[in-house]
Each structure stands twice: as structure tokens, then as C-alpha cells.
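Just below is one structure, and these are the notes that go with it.
Small disclaimer: the values here were computed from a predicted structure and weren't measured.
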Amino acid sequence: MEYFSFIIYIYIYMMKTESFPNQKSIMGSRGVLLLCLHGLLSLSHGQAINNHYFPESLKMGVANAAPQIEGAWNEGGKGETIWDRFAMTRPEMIIDRSTPEVACDSYHLWREDLHIIKGMGAQFYRLSIAWARILPNGYFSKDAVNPEGVKYYKTLLRELKKLNIEPMVTLYHWDLPQKLQDDLGGWLSPKTADIFAEYARLCFELFGDEVKWWITINEPKQVCEAGYGGGAFAPGIVQPGVGNYICAKNVLLAHAKAYRIYDKEFREKNQGKVAMVIDTPWFEPGSQSSEDVAAAERAVQFMYGLYGHPIYFGDWPQIVKDRVALRSRGEGLKHSRLPEFTPEEKKLINGTHDYLTINYYATHMANATGESPYTQRSFFDDMNIIEWINPAWPKGGPGWFSIWPTGLRKVLNWMKNTYGDHEIVITENGLSDNTGVIEDPHRIKYIRDHLSACLDAIYEDKVRLVGYMAWSFMDDWEWTGGYGSRIGMYHVDYNSPNKTRTRRASALYYRMVCNNRCLVDKCV
Ligand SMILES: *[C@@H]1O[C@H](CO)[C@@H](O)[C@H](O)[C@H]1NC(C)=O
Ligand SMILES: *[C@@H]1O[C@H](CO)[C@@H](O)[C@H](O)[C@H]1NC(C)=O
Ligand SMILES: *[C@@H]1O[C@H](CO)[C@@H](O)[C@H](O)[C@H]1NC(C)=O
């Protein structure tokens, strides 16, 4: 057994015998012992763990989303969503042929979940509102509002307040009401952006007093590229190199319209913040050749910049415009497949941010490559890189999950250098595996090393990181990854009638970190 595993082993043994009271401090004799082991843990690995305290400005929290935990897919007046339809009618697309019908049943068990979150010492809970619970068919009218759905979130938000946990609320976490897909083609229609804006206004009205941190759209890259380009995600539309960009434009319009509504009608009264949540892996160049370095930068621009650039600068990144135009010409098209923004649209979108966000899990490698034949077209041919996984780095669950904590520090710096010195929230970070084990030293190590990278970014690079939301406090329905992909600090037994939640070692570790605000034995 290597030294690190040995320390982790003792550590977990200690934690198993430690009680889990719902209180702030864990210091007792066992707590002290745990802390000592905690210190050893920080020395037991080649990489130096940052020994600074988390600054007060860095808020710690946990995150999840309605379609992944709530279940109750047709209860309480909720309408059908594109993910309900996709999983139920195209089971071959989901690795274990599962559906989100029941998930963790958090719709009924939310109170238990909030106490789990409180017990972890979280200051924030990032959750999402299911559009189809508030407006079952998506469309807004006074009569269309579902009182049961409104009551569910009102009660939950009131309980969060009692527990002194700050909510961070996502309005759209991929769960488009199916009716909007059927009527309009979903995000392929700019009308969906208008309808989203009305739903957003309704939520600002209903919940604006309780919620100060708003997120419009979560991970538009997944919504658009997987949903309307490659078709691996709901609604499964296959229009590579075309649908994804039309969708990208429409979700940006949706975000911007919601942001402007908040600005005009709610900001003065509610004093909240609004942002879009964007995800990307970090891309590390395969070599220091200028071609590979450019390939890595291009990849981040296609993944993050496609959404970040319009929000911060009012238009697509130049490299994306150039590449899609070049490919489109090669394919004999008169116009670029990338839709343009009108001057009014640029004005609408430009500057619609109150903070920067990043969902980060893994780092990929990027090499330059030649032009693929013009007979094929896709987002990936437009991006024009060879994407590969560094075999030297450890892996998480799915194939592309390649762990390199320095990548998080690098992406934070990239954001600061590209968009300016704004407040940044890490809205997701965590480790999935396919084992479901309760003793999860690999997850502890992942969290610790990534938080250490955050501290490096804060103290060494002066990145204004103000939030870290761990994904996730419990296992969930991981979309096409089904229930086998385990990503929680609590295990969920999907076979038990009560979807029993069982604490993993990482939950205790996270609680210790949230409470001590320090990753090593003694912080400075
Ligand atoms: C990427 O480039 C590096 C450096 O030239 C090389 O060692 C590596 O094999 C390349 N990887 C792929 C997948 O092409
Ligand atoms: C976006 O706004 C900034 C700041 O006002 C301005 O400098 C920039 O030219 C705008 N971008 C576009 C594309 O209009
Ligand atoms: C399930 O939960 C209910 C309500 O909390 C409880 O009465 C029941 O004993 C639980 N059943 C099991 C098997 O844990």
C-alpha cells in the first residue's frame, strides 16, 4: 500500500466511527485526531497543498439540479420535459436505460436533503427550478402558473433561509418543457428565447425576495452541441455544425432578455446578481509549438468563448467566426453556418453579466491538425483540433474524465485574462466514478487538490474567486450516464423504497474543510 492510500485508510476508519452531529464545530478529541490525519494527508502527496486559509470572500456550497434529483416527473402538476421524453422513448441513448421519473425522489425528500447540506457546513446551495413545474407547458399566462410547483419551491426556499443557507438558483438546467419542443422546435426557434424570458420574469417576481444569486441557463454548450448538433442529449436533434449554432444564438438571446428584465424591473428592489453558467474542460497544448498552443486556445474559445465572448464583448470570438466561415466556404455554402447577430442583438447581449462562472471537471489535451474533408461538417471539424487524454493523469468515471487540478487554476486565469478581473464562481466541480463505494479517498483527494488549485489562483494569481459549489452533495441521475455514474458525497440506494442516503467519507471531509476553511494541518 502506498503511503497516501495508507493515510486515507486510517482517515476513513476514523471517520466511520465519528458521529455526524448537525453543528458547526467537529472539534472533540476525535476531531483533533482527524485533523492531525488531515495534516498528514496534506503531506502525503507530491504536489504541495496550499496552506492559506480560504478568504472570507470565498463561499463554499454544493450544487445539483431539479431533473437530476427531484423525480416526481408527473406529480404536483409538473409538465413533461424533453429529458423525460428522451429517456422514456429512446432508452438506448441512456447507458443503463434509466429515466429521471423517480431519481432521488428529492421532490418528497427535500427536507432531508437540506439537512444533509446543512450538516456539510455549506453556506450555499445551488439548485434549479423546473420550468415545467411552474409552467407545465412552458408558456406563460396568469392561468398557466401551477400553484403546487410554486409552493414547492417557496417552501424549500423558506426552509433554506431558516437553515441560513444562501440559495443560488438556476432557471434552466436542460429541462425544456416538451410542448415548446413540439410547437417550436425548442432552442432552434428564437421564440423560445422570448418565452424563456417571460418564465424568468415570473420567477424573479415569485422568488426574487429570497434569491440573490440567479443563473439563467446552465451549460449552453451541452444544451446546444449535444442537444441540437450531435444529438446525444435531449431532444436528440442531429444537425451537426448547424443546429448547435442556431441554438447557441437563441440561448444567448434568452439569457440576455432575462438579464435585461432583471436590470429594469428587479435589480433596484432585490439587489441580486444574474449570470449564465458556462462549462469547459481546460485544454492543455500537446507541445509548446505555436500550432499546438493555438489549437488549445481555439478549443477553449469554441467551448467557453462561444458563449462568454458575446456576453462580455457583444459578438462571437473572432477565431470562431473565421473558422466557421472558412469551413462553410469550403463546403460551397454562400453564407457561414454561424448565424450573425444584428446590431440590436449585439447591444442586447453585450455586458449581460454580474459575475463569471465555470463548471470545471477535467483537462483534455489539444494538438493542431490538418483540415478534414469538406464533405463532413460538424462543430468539431470547425474547431479543428486533435483532442486527446494525457495517459499520465488519473481518470474519473467516464472516458474523458481526466484529472489535472492545475487545469482549474489555468482556466480561472484564462477567464481573468480574457474577460477582465470580475468575481468568479466555480458553479460545479467534483468527481464521478462508476463504483458507488462509500469509502472514497479518490474523491477526497480530488476535492482537496482542486481547492488547493483555487487557493493558488486566489493568493498567487489574484483571481477574484468568490464561490465554490461542489457537485454534488449526493448521487443523482447523470443524464445519459444514468444512475451508475456516481458523483455524490452521499451515496443513494436507488433500490430502497426511501432512496436511502448514506454518507461517504468525502462528505465528512468536505464538512471539515467548510468549517476549518483550511486544507492542511495549520493554515496561515
Ligand atoms: C500531440 O503532439 C505531441 C507533441 O508533438 C505528440 O507527442 C503526441 O503524440 C500528439 N498526440 C496526438 C494524439 O496526436
Ligand atoms: C460591447 O460593449 C463594450 C463596452 O461598452 C464596447 O466597447 C464594445 O464595442 C461592445 N461590443 C460590440 C460588439 O458592440
Ligand atoms: C421510509 O420513510 C418513512 C417516512 O420517513 C418511514 O416511516 C419508513 O420507516 C421508511 N422506510 C424505510 C424502509 O426506511
Discussion item. Consider ring-ring contact (aromatic ring centres under 6.0 Å, His included). Of W479, F86, W187, which one does W174 pass it with?
Written reply: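 With W174 as partner, ring-ring contact (aromatic ring centres under 6.0 Å, His included) holds for just one option, W479.
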
So, does [X] use its side chain to make a donor-acceptor pair with the main chain of [Y] at under 3.5 Å?
X	Y	value
N244	G241	yes
K416	K462	yes
R511	G121	no
S485	G482	no
W316	F341	no
K212	N270	yes

Look at the rings of [X] and [Y] and say which category their plane angle falls in: under 30° parallel, 30 to 60° tilted, over 60° perpendicular.
X	Y	value
Y468	Y510	tilted
W414	Y304	perpendicular
F401	Y361	perpendicular
Y262	F204	perpendicular
Y172	W131	perpendicular
F233	W83	perpendicular

Discussion item. Is it true that, when you exclude L206 itself, more than 12 heavy atoms of the residues, nucleotides or ligands shown sit nearer than 6.0 Å to its CG?
Written reply: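 Atom CG in L206 is packed in, count exceeds 12.
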
Discussion item. So for atom NZ, which belongs to K154, do other residues, nucleotides or ligands contribute more than 12 heavy atoms lying within a distance under 6.0 Å?
Written reply: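 Atom NZ in K154 is packed in, count exceeds 12.
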
Do you see a donor-acceptor pair shorter than 3.5 Å between the side chains of [X] and [Y]?
X	Y	result
D113	S106	yes
D96	S98	yes
D183	Y139	yes
S452	D449	no
Y355	R464	no

Are [X] and [Y] near enough that their ring centres are under 6.0 Å apart?
X	Y	answer
W73	Y107	no
Y312	H422	yes
W471	Y360	no

Worksheet item: When rounded to the nearest 0.5 angstrom, what distance separates CZ in F124 from CH2 in W213?
Response: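 Reported to 0.5 Å precision, the distance equals 5.5 Å.
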
Item to complete: To the nearest 0.5 Å, tell me how far I95 CD1 sits from N434 CG.
Response: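 Answer for the CD1-CG pair, I95 versus N434, is 7.0 Å.
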
Item to complete: Taking all non-hydrogen atoms of both residues into account, name the closest pair between N413 and D461 and its distance.
Response: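 Taking every non-hydrogen atom into account, ND2-OD2, 2.7 Å.
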
Worksheet entry | Distance-minimising heavy-atom pair for R133 and A72 |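 Closest approach of R133 to A72, heavy atoms only: NH2-O, 3.2 Å.
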
Item to complete: For C104, enumerate each residue passing the disulfide bond (SG atoms under 2.5 Å apart) test, keeping only those at least two apart in sequence or located in another chain.
Response: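 C104 satisfies disulfide bond (SG atoms under 2.5 Å apart) with no other residue.
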
Worksheet item: Name the one of I215, N64, V62, V169 that satisfies side-chain contact (heavy atoms from CB on, under 4.5 Å) with R126?
Response: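 Option passing the side-chain contact (heavy atoms from CB on, under 4.5 Å) with R126: I215.
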
Discussion item. A side-chain contact here means heavy atoms from C-beta on lying under 4.5 Å apart; do M60 and L58 qualify?
Written reply: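 M60 vs L58: side chains touch.
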
